[in-house]
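To start, the structure itself, in structure tokens.
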2 protein chains.
Amino acid sequence: MGESVRQEKGSSQTLKAVLGVRDLVFSGTIAPGERLSEISVSEHLGISRTPIRAALARLEQEGILEAIPSGGYSVRQFSVADVADAIELRGVLEGTAARLAAERGITPARQAALRHLVQQLDATVAGPVDGMDLDGYMAFNAQFHDMLGDLSGSRIVQRELERVMQLPFSGPSAFLNAQTSVPAFRASLVYGQMQHRAIAHAIEMREGARAEAVTREHARLARINLDFVLKDPALMERVPGLVLVSN
Amino acid sequence: MGESVRQEKGSSQTLKAVLGVRDLVFSGTIAPGERLSEISVSEHLGISRTPIRAALARLEQEGILEAIPSGGYSVRQFSVADVADAIELRGVLEGTAARLAAERGITPARQAALRHLVQQLDATVAGPVDGMDLDGYMAFNAQFHDMLGDLSGSRIVQRELERVMQLPFSGPSAFLNAQTSVPAFRASLVYGQMQHRAIAHAIEMREGARAEAVTREHARLARINLDFVLKDPALMERVPGLVLVSN
DNA sequence: TTCGCATCGATTGCATACGAGGGAGAAACT
DNA sequence: AGTTTCTCCCTCGTATGCAATCGATGCGAA
């Protein structure tokens, strides 16, 4: 063994361990609530216990693991209410980012980038109903939401925003995968895209309250999708982090 | 050496290391931006490198350290704008907690506890001008803000709220210490207490929007205090985490 | 039958040893 | 003299050994 390459989290062992444990959790190999033994994980991934330990601590901060008082970690359990709250929280933070962007103003360069991104989203949504480029939409959508953090002009807000979106089911693209086959889904996308445009417009116009309100409501689209997905167990499996949700 | 006691974070070595490094940073022993060597810290605290390592990783997540790309950590630097943003962010999250509490309603028991706490704050503020029980006020004030997280009824929101308040200068009592000697300070306290009552009333009346707005504005009292403290270098030293603020 | 205690095993937390990579300083070359 | 390169040392990342603790299980007593 031994291709330690440094770069803090850029490579090797600890990163491998983080990714490995994430997969172990999201693949459902380890049930929610189940204890996570350092040794078994170490043997399973073929990595020494030290990086495993670091990875576990990191994943606890990330929110998918929980520290057991007597030592060790277990897979965190989420309720449906928790998922709804996480979505609401993302909306609150994204809304704050949008408001700050509007209140403080953004540079012409960023304004141009924002407009360009909205146009790209427009073009994707305007595509054919069946053969829509969903992957492309998801990528642009993720870019849009990342950009909100940038535009806020606040490291602090951006950091917390990224933190909250680490929870797998609270990301802006979390429920897109599940709905590729649903017809009603398209209406949702079109509505969402109108909100994207409204957000961009509000930021340009320096309308802080509007930017915040629309961005919050935009996040709540995910809550509607959540309710929809919960009715169909087959769809649930397509949403990345939903294995952690219990009742 | 060797009184390892387990209890995860309840005692021993790792906790010692966390507290030790925190003190090292907040006492100004290590300047902002300065690199933090595992070995020197290890020798300075008389603790092995392994718990130091865990503590450093933890303090990075906490926000007072920063990972260096090539490895290791440095003390994070904050600007005045960062502090203002952290305060604003706390206001946003506390406001969300208050809104959720109002929208979802709180149990009669919690309502009684909230009223009781407001009365205690009232009594403290109503005391004599000079001999005011500032420590008591700070304790009740901290309780009030903790209670907002409880009342939200959301683990997710409460968790993030606690995270944001970990930053030393964004806590609700951060600037109280500095102003014990300032006469104008009393007006600020009275105003803040009126806001406390308004928040409690709005939650009881199920007025979500009001609860959120007032709570946000309440947090901005800290921003005013920040500006005030920044004018007087002597006061700055009395605010815990202000050594991390550069320009 | 149930409760309490003691002993044992498994697992975590801590310490230390080792290998590798990066930065600083010196030397040599232009 | 400036620049480049080489080398050495220091620090971090990783692996493993050891000890202490927690939980479980089995036995005994009420």
Side-chain angles (χ1 to χ4, degrees), chain A residues 1-22 24-25 29-31 33-62 64-76, chain B residues 1-22 24-25 29-31 33-62 64-76:
Chain A
M1 205 109 326
E3 47 191 80
S4 87
V5 187
R6 217 39 110 56
Q7 288 187 1
E8 179 58 17
K9 266 75 185 186
S11 74
S12 211
Q13 301 318 89
T14 299
L15 181 64
K16 271 193 203 171
V18 170
L19 298 177
V21 175
R22 263 209 212 110
L24 243 50
V25 170
T29 309
I30 308 173
E34 193 173 338
R35 184 166 192 159
L36 210 40
S37 163
E38 282 183 14
I39 297 180
S40 62
V41 174
S42 163
E43 288 171 355
H44 194 291
L45 296 179
I47 301 175
S48 162
R49 281 177 50 220
T50 306
I52 300 287
R53 195 168 188 67
L56 262 42
R58 189 185 175 81
L59 291 173
E60 186 221 351
Q61 291 297 326
E62 214 164 278
I64 71 173
L65 297 184
E66 212 168 18
I68 298 176
S70 65
Y73 298 92
S74 63
V75 178
R76 193 167 169 201
Chain B
M1 204 113 325
E3 45 191 82
S4 87
V5 186
R6 206 49 102 59
Q7 287 186 2
E8 178 59 16
K9 266 76 186 186
S11 73
S12 208
Q13 300 320 87
T14 299
L15 181 64
K16 271 193 201 171
V18 170
L19 297 177
V21 175
R22 263 209 210 110
L24 244 50
V25 170
T29 310
I30 308 173
E34 192 173 341
R35 183 165 192 159
L36 209 41
S37 162
E38 280 183 15
I39 297 180
S40 61
V41 174
S42 163
E43 288 172 354
H44 193 291
L45 296 178
I47 302 175
S48 162
R49 278 178 53 217
T50 305
I52 299 287
R53 190 164 195 68
L56 262 42
R58 189 184 174 81
L59 291 173
E60 186 220 352
Q61 291 296 327
E62 212 164 279
I64 70 173
L65 297 185
E66 212 168 19
I68 299 176
S70 64
Y73 298 92
S74 63
V75 178
R76 192 168 170 202

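Just so it is clear: chains get the letters A, B, ... in the order the sequence lines come, proteins before strands, and each one is counted from 1. We use all heavy atoms of the structure for the numbers below, so side chains are in, but hydrogens, waters and symmetry mates are not.
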If I take atom [atom1] in residue [X] and atom [atom2] in nucleotide [N], what distance separates them, rounded to the nearest angstrom?
X	N	atom1	atom2	value
A:Gln13	D:dC12	CD	C1'	14 Å
B:Glu43	D:dC12	CD	P	11 Å
B:Ile52	D:dG13	CD1	P	14 Å
B:Leu56	D:dT11	CG	C1'	13 Å
A:Ile47	D:dT16	CD1	P	12 Å
B:Arg35	D:dT11	CZ	P	9 Å
A:Leu15	D:dC12	CG	P	20 Å

NA contact type, A:Leu36, heavy-atom cut-off 4.0 Å: base, sugar-phosphate, or nothing?
-> sugar-phosphate
Give the nucleotide from the list C:dC14, D:dT14, D:dT16 with an atom nearest to the side chain of B:Ser12.
-> C:dC14
Check every atom of C:dA15, D:dA15, C:dT11 against the side chain of A:Ile39 and return the nucleotide holding the closest atom.
-> C:dT11
Between the base of C:dT16 and the side chain of B:Thr50, is there any donor-acceptor pair under 3.5 Å?
-> yes
N/O donor-acceptor pair, side chain B:Arg49 with base D:dG13, under 3.5 angstrom | yes
For [N], does either OP1 or OP2 sit under 4.0 Å from a side-chain N or O belonging to [X]?
X	N	value
A:Thr14	D:dG13	no
B:Ser37	D:dC10	no
B:Ser70	C:dG21	no

I need the [X] [atom1] to [Y] [atom2] distance, nearest 0.5 Å.
X	Y	atom1	atom2	value
B:Lys16	B:Ile47	NZ	CD1	6.0 Å
B:Gln61	A:Arg58	CD	CZ	6.0 Å
A:Glu60	A:Leu36	CD	CG	12.0 Å
A:Tyr73	A:Leu56	OH	CG	6.0 Å
A:Arg49	A:Glu43	CZ	CD	10.5 Å

